[in-house]
K.L.:
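Got a structure for you, questions after.
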Amino acid sequence: MSMDLLYGEAEEDLRGTLRALLAERAAWPAVLARTESAQWCDAGLWRVLAGGVGVAGLAVPQELGGAGASWREAAVVAEELGRAVAPVPFLGSAVLATAALLACGETQVLPGLAAGEATAAVAVPFSTAPGAPYPASVAVSGALLTGQVRSVADALVADVFLVPAGGGLYAVDAAALRRTPVTSLDMTRPLCDLELPGVAGRLVDSGEGALRAALVTGAALLACEQLGLAERCLETTVSYVRTRYQFARPVGSYQGLKHRLADLWVAITQARAVARYAAGCAASGDPDTAVAVAVAQAHCSQVVVRAAEECVQMHGGIGFTWEHPAHLFLKRAKSTAIALGTADRHRAALSALVDLPGR
Amino acid sequence: MSMDLLYGEAEEDLRGTLRALLAERAAWPAVLARTESAQWCDAGLWRVLAGGVGVAGLAVPQELGGAGASWREAAVVAEELGRAVAPVPFLGSAVLATAALLACGETQVLPGLAAGEATAAVAVPFSTAPGAPYPASVAVSGALLTGQVRSVADALVADVFLVPAGGGLYAVDAAALRRTPVTSLDMTRPLCDLELPGVAGRLVDSGEGALRAALVTGAALLACEQLGLAERCLETTVSYVRTRYQFARPVGSYQGLKHRLADLWVAITQARAVARYAAGCAASGDPDTAVAVAVAQAHCSQVVVRAAEECVQMHGGIGFTWEHPAHLFLKRAKSTAIALGTADRHRAALSALVDLPGR
Amino acid sequence: MTEPVSADGVRRRVEEFLSRHDPAVLDRLEFLRARFGAGLAWVHFPAGLGGLDAPRTLQAEVDAAFARAGAPDNEPRRIGIGLGMAAPTILAYGTQDQRERWLRPLWTGEQVWCQLFSEPGAGSDLAALATRAVRDGDGWVVTGQKVWTSMAHEARWAILVARTDADVPKHRGLTYFACDMSAPGVEVRPLRQLTGEAEFNEVFLTEVAIPDCDRIGEVGDGWRVAQTTLMNERVAIGGGALPREAGMIGVVAGTWRERPELRTPGLHERLMELWVASEAARLTAIRLGAQLAAGQPGPEGSAAKYAFATLNQAISGLELELIGEEALRYDDWSMRRPAAVDFTGRSPGYRYLRAKGNSIEGGTTEILRNIIAERVLGLPGEIRVDKDVAWKDLPK
Amino acid sequence: MTEPVSADGVRRRVEEFLSRHDPAVLDRLEFLRARFGAGLAWVHFPAGLGGLDAPRTLQAEVDAAFARAGAPDNEPRRIGIGLGMAAPTILAYGTQDQRERWLRPLWTGEQVWCQLFSEPGAGSDLAALATRAVRDGDGWVVTGQKVWTSMAHEARWAILVARTDADVPKHRGLTYFACDMSAPGVEVRPLRQLTGEAEFNEVFLTEVAIPDCDRIGEVGDGWRVAQTTLMNERVAIGGGALPREAGMIGVVAGTWRERPELRTPGLHERLMELWVASEAARLTAIRLGAQLAAGQPGPEGSAAKYAFATLNQAISGLELELIGEEALRYDDWSMRRPAAVDFTGRSPGYRYLRAKGNSIEGGTTEILRNIIAERVLGLPGEIRVDKDVAWKDLPK
């Protein structure tokens, strides 16, 4: 078992760098303004993150242009980007697509992703759980792929798509397929519908392994993103209730709110342990990874939604408005709770893994 | 739909009579003391209730010696006896057995029960849900019944047993079978194991109808008992937290407790509506009875346990001791939540009744 | 006309009125003004002010009779604040001149009213409000910011509470006014919600002149006058016997039945729990209605609102998990200006987001729980630190 | 012997000691006294008081070496209050005479200690306690009632906090004593719990004479001394890396696996939720342990205790619903006097009932949540009405 659940010094340094950068480049008013612009993705920020800080290649070996670190370090990036609800394609490209390509030993696309020169997306609905049936919406005929895929994350800016079809995985040039932007619940990570009108693909995996690895790793890192966002919600709320007065007292002095915030803090402390464990397992290829990821997603999906809902509620009227960041947190939180499998699907997966069958 | 959810004047009178009587005859110190005596049942109290007030015959027609009222009035009795955790065989004899005999038109035993001269019990484990498979632990061979039944409620004092066997229901004289008292979680309604070593029985129902009617009616009235007990828990707790000082303030002035008690009050207010509706449906043979009973049990079983658990917790140390009534409430509450089907079994029954299948 | 009118008397008047005023022929506004004049607007109001001093319970029958005759109505949803909150307050505290000026156009819908109570700094603690009204010759000059004002962009009049004395404890320094929304210095801006829409407005008051004849009630008596308004707001909640599966639970139950491929055992358990909770809330509302009809008013109104908010939020949250991929999409973020909430006409994502407001608007769940704990259960109130402190000295 | 002893030095001393003291031959008490005398009782204590001024972290190694050699131990569970709470306090605040009198028989188990802090009227608000100690010549006379005292019926000594001045605010009028439990006027009665057992006692003190030489710390300084005791209580919580499914969840998971006939879809969902919650709590405890080892102590101890209580209660409640009919039965209501809680040795009903104490004993969940809210999140404290009020004038 991968039992080092703390953060190392290098990880804390990375966090410090990211937090300072995101505070400057992805403060919430800018993030909110961007949701109403034509460019959801902050390409400039992504250049700094991927090209400068090197967040896209952390888990990629050095010989493929990466940093040769692991998913543990990438998990710290997920936490910080989650905190900031930052509009960059980290999860889709640097986690899902990268994990898929690493799993199948692909070497053409990967170096470009690791260097931040290109981005890729796995062409599955963002709601796909790691244990879901292999997608069947794209058919292979000859060397051509035909079909469509709905609600793909980080797809609007992707250069390459990894398309599951016919039981394998194909790399497809983005220019070859049609993208239709989707009005999305999470405006900071809008989705996209894909149509493949008989396009050429390059087979990168002839089996299911790469896709499964991508979804499992993605779910682990998504839990870390949820952790970061939940912390942001709690901090925002705590700082509000300390300064908001009602009946001549800070509302944070009322025990009803205090107890709920204490409960939330306990849940987030647990979220840190389970998310850290899942990331550690994914990093080391631990045999316990499937259990760790299911636990992390089952727990963190609930915690992040609760944190965001309490953030709205405890802000009262202002939290219900467009001009306060709480709704950005709420929409991201609820979307992540559905992404890569809902909590109840992860519990169902767990029940098979730990021999607690439903009937 | 039986939509009169209020209490009539006669019902309020009945409640007043019972509450005064029980305050005098079944105050908690006496109830607690009796749990450690050899006689769990307060025979004197039951004589007054059944013979004097006439609680055992409320739902029995006048021509069979009853009061010719209905299960609605009996429900008020269940509420008040639940409040008092009174050690009398009302639920087992005046509800379960009486409902069974009414359903099959039996006329020999019923008048005695209605008059309070005898008591009866339905020989099923107290945990049996209305929709459970027909019991198979007693076999019929010739005219003799052989087998055993575990954990029967109100059986220690019963004169007659109604034994489901061979797909029908038999009346068996209590003297003919062996009773073994069970150390029970609910010390105010201890259970009993029965052994039937080949005893004669009189067939009173050749089908399943009487038993089903008994269990459905029993579950409706049990919800009313739970309502009464939940109210008692809330009242006891509220009066304690108003007078218990910590940090020079009544603990009931802390918002953490206030909000939990407010939530509990809301849940109990809802319990009253659903229990009342279930009793009304049972009284009128409404086609919605099965739904009403499943809703009432699913809701009230959870509410009564929560009320009792909060009662223990909010009393702090004193609530954890033997010398405070909170534990009597807790043990009764949790036992009723298992009796006649747990909440989750009632929800499962409901899912079929309202066309919301699980898969 | 000062003695109360009997039920038969009311019915006869309706018949007579309809026989003389053909809704198919008369102009809509003319018809409504005539109905008001005949005392058939709100029959429990005094004669001469649209009523007949008749029992309030007859109103439903009157409305039904007019509806059957094909008469135009006064679009009650559009003028809800006027009908429900301003009118009872004007009746209770207004001068005869004010009643005669305001009540008829209010009822006919010629003049829409809105409510200028809440402020950014005074949410649950309404009495802490900071909008100032300063004496200026024969009138007042009002400056401040109000928020959560529905219909402000269509309103001609507002009921307004402002601070006229900052040197006394907060409840004692307030005065109640009617504010002409077309007066100089009144600026209305839409307030966009997390759903993308703007049901409400912010209203900025910059040295708005209000003549003293538009003051309602005594100077310094605004808190008491406002209580009448707010009590009438709460009466509106609760009410009718809805059928089983009405509301949010029906939507998700329908999806469950129609789309078996979405079902999972885990969601089934939560669905059934929420179905039971919805049915319990429904039966409780029916019981509350029966109690009110039987003259046993209780504080269950607060509980009903609280239960409704909690259920709406839980059910809409479940719905998103049930539909999975589709829940990641939204119907429309554009800034619409709806007149009312539409829970069933829009997407599941909208329901989820809009339901978040149910536990904030019209009394937060925290305040409702305080009310239940203190007024129903008799638990002690919070220690108050704002008693007997001049408003200007309160921490804010 | 006043300079700190190194790890090697400690190891060498253990070897030497064991070579000279054969546990197979020596009398148990003689052996323990000799071990104390050699400074190998608690190596971080000072020389001459059973220790060697060595790092505390070496203790586990020493204990393991003694265990390997088949040495008798001092039955640490039986004397937990002495070891965990009395000894650190005596060391911190006791006089040299007191340390020499009490620490050796405390450590060897010759003298069991108990704790006389809680009172019926002072639960979470310990500083409000009412037991009075009145000066009487050279000593004190103590009268009052204490509660929740485990091991009082076997104890020779108690640590006691009593009020020596009722005219000052509550925290300032307390003094800390050691109380001889064999003194006249000390009466111990078993306190029966809702499980039927009596783990604890009530202790009635009626004019108990305590010589001034048994006072620990200054007069009026009892609250500060008691903090040392209580902090050492809290350190005990948390700790080791337990395997998956350790504790209550393992019991119910075992039943689930062994008895498929009990399974229902609804209970399955709850089981899985609690399994996830248990695993989350377990990983959190492991992380806490690693943080403590890495010298990052945090307030997570309170959170761990709270999570443990909540889980134990939820899981044991689920277990009863799972086993259904059997849950209606109980194993034994007789008034046993167990030395410690036995969650796995008894029936599911016992687990359910005993777990109710987990959210009360050693800090209620309400107090733990206050601690987290105020000390971790920095939220404002409750308005205090007991500051600067003489104890005798406080409402009670």
Side-chain angles (χ1 to χ4, degrees), chain B residues 1 3-6 234-235 237-239 241-243 248-255 257-278 280 288 291-292 294-300 302-303 343-344 346-351 354-359, chain C residues 241 243-245 249 252-254 256-257 260-261 263-273 275-291 293-294 296 298-300 302-304 306-307 310 365-366 368-383:
Chain B
M1 299 230 294
M3 270 304 169
D4 181 6
L5 303 181
L6 304 181
L234 178 61
E235 286 171 21
T237 308
V238 164
S239 91
V241 301
R242 287 171 66 174
T243 52
R249 283 171 54 181
V251 298
S253 72
Y254 291 96
Q255 201 186 46
L257 298 197
K258 284 166 73 171
H259 281 186
R260 277 155 57 193
L261 288 168
D263 286 354
L264 188 55
W265 181 84
V266 171
I268 290 175
T269 301
Q270 296 177 331
R272 187 175 298 107
V274 297
R276 203 73 199 124
Y277 180 58
D288 203 35
V291 170
V295 167
Q297 274 286 293
H299 183 77
C300 295
Q302 293 188 328
V303 172
D344 90 283
H346 284 285
R347 283 193 292 270
L350 197 56
S351 101
V354 302
D355 183 27
L356 289 169
R359 50 181 62 208
Chain C
R244 185 170 281 167
E245 287 194 11
I249 192 69
V252 67
W256 186 273
R257 292 190 186 104
E261 77 281 6
R263 299 172 190 165
T264 75
L267 294 179
H268 186 245
E269 186 63 10
R270 273 169 69 200
L271 174 68
M272 293 315 301
E273 282 173 4
W275 198 95
V276 168
S278 297
E279 178 67 1
R282 184 182 78 89
L283 291 169
T284 305
I286 291 172
R287 192 164 189 277
L288 172 61
Q291 272 181 302
Q296 307 166 25
E300 284 89 349
S302 291
Y306 173 33
T310 308
T365 49
E366 288 75 20
L368 297 178
R369 278 186 277 188
N370 285 350
I371 290 173
I372 294 168
E374 293 172 19
R375 299 198 202 155
V376 183
L377 298 177
L379 292 171
E382 284 286 333
I383 307 289

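Letters A, B, ... are given to chains in the order of the sequence lines, protein chains preceding strands, and every chain is numbered from 1.
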K.L.:
Heavy-atom distance under 4.5 Å to chain B: side chain of C:Leu267, backbone, both or neither?
P.N.:
neither
K.L.:
Given that the side chain runs from C-beta out, which part of C:Glu273 has a heavy atom under 4.5 Å from chain B: side chain, backbone, both or neither?
P.N.:
both
K.L.:
Checking B:Arg249 against chain C: side chain, backbone, both or neither under 4.5 Å from a heavy atom?
P.N.:
side chain
K.L.:
What residues form a salt bridge (Lys or Arg N to Asp or Glu O under 4.0 Å) with B:Arg242, not counting sequence neighbours?
P.N.:
none
K.L.:
May I ask you to test the C:Arg244-B:Asp288 pair for a side-chain heavy-atom distance under 4.5 Å?
P.N.:
yes
K.L.:
Side chains of B:Val274 and C:Glu279: closer than 4.5 Å at any heavy-atom pair?
P.N.:
no
K.L.:
Given the options B:Ala294, B:Ala348, B:Gly252, which has more heavy-atom pairs under 4.5 Å with chain C than any of the others?
P.N.:
B:Gly252
K.L.:
Going from OG1 on C:Thr284 to NE2 on B:His299, what distance comes out if it is rounded to the nearest 0.5 angstrom?
P.N.:
7.0 Å
K.L.:
Under a 4.5 Å cutoff for heavy-atom pairs, which residue among B:Leu261, B:Val354, B:Val266 has the most contacts with chain C?
P.N.:
B:Val354
K.L.:
Rounded to the nearest 0.5 Å, how far does CD of B:Gln255 lie from CG of C:Asn370?
P.N.:
4.5 Å
K.L.:
Could you work out, with ring-ring contact (aromatic ring centres under 6.0 Å, His included) as the rule, every residue matching C:His268, not counting sequence neighbours?
P.N.:
C:Trp256
K.L.:
With a 4.5 angstrom heavy-atom cut-off, is it the side chain or the backbone of B:Val291 that approaches chain C, or both, or neither?
P.N.:
side chain
K.L.:
Mind listing the closest non-hydrogen atom pair of C:Leu377 and B:Ala262 along with its distance?
P.N.:
CD1-N, 4.1 Å
K.L.:
So which of C:Arg287, C:Arg263, C:Met272 has the biggest tally of heavy-atom pairs under 4.5 Å with chain B?
P.N.:
C:Arg287
K.L.:
Go through the atoms of B:Leu257 and report whether side chain, backbone, both or neither lie under 4.5 Å from a heavy atom of chain C.
P.N.:
neither
K.L.:
With rounding to the nearest 0.5 Å, note down the distance linking CG in C:Leu379 to NE2 in B:His259.
P.N.:
10.5 Å
K.L.:
Measuring from atom CG of C:Leu368 to atom CG of B:Asp263, what distance do you get when rounded to the nearest 0.5 angstrom?
P.N.:
11.0 Å
K.L.:
To the closest 0.5 Å, what do you measure between CG (B:Leu5) and CG (C:Leu288)?
P.N.:
11.0 Å
K.L.:
Of all of C:Pro265, C:Ala307, C:Ala303, which one pairs up most often with chain B through heavy atoms under 4.5 Å apart?
P.N.:
C:Ala303
K.L.:
Test B:Val295 against C:Arg282 for side chain to side chain contact (heavy atoms under 4.5 Å, CB included), laying out the working first.
P.N.:
CA-CA 12 Å; B:Val295 167; C:Arg282 184 182 78 89; over 6 Å; no
K.L.:
Only pairs of heavy atoms separated by less than 4.5 Å count here; which of C:Ala253, C:Gly381, C:Ala373, C:Pro380 has the most with chain B?
P.N.:
C:Pro380
K.L.:
Which distance, rounded to the nearest 0.5 Å, do you find between the CH2 of C:Trp275 and the CG of B:Leu350?
P.N.:
5.0 Å
K.L.:
So which residue, C:Glu382, C:Glu269, C:Arg369, C:Arg257, ends up with the most heavy-atom pairs under 4.5 Å with chain B?
P.N.:
C:Arg369
K.L.:
Report the option among B:Val238, B:Val241, B:Asp355, B:Asp344 that has the most heavy-atom pairs separated by less than 4.5 Å from atoms of chain C.
P.N.:
B:Asp355
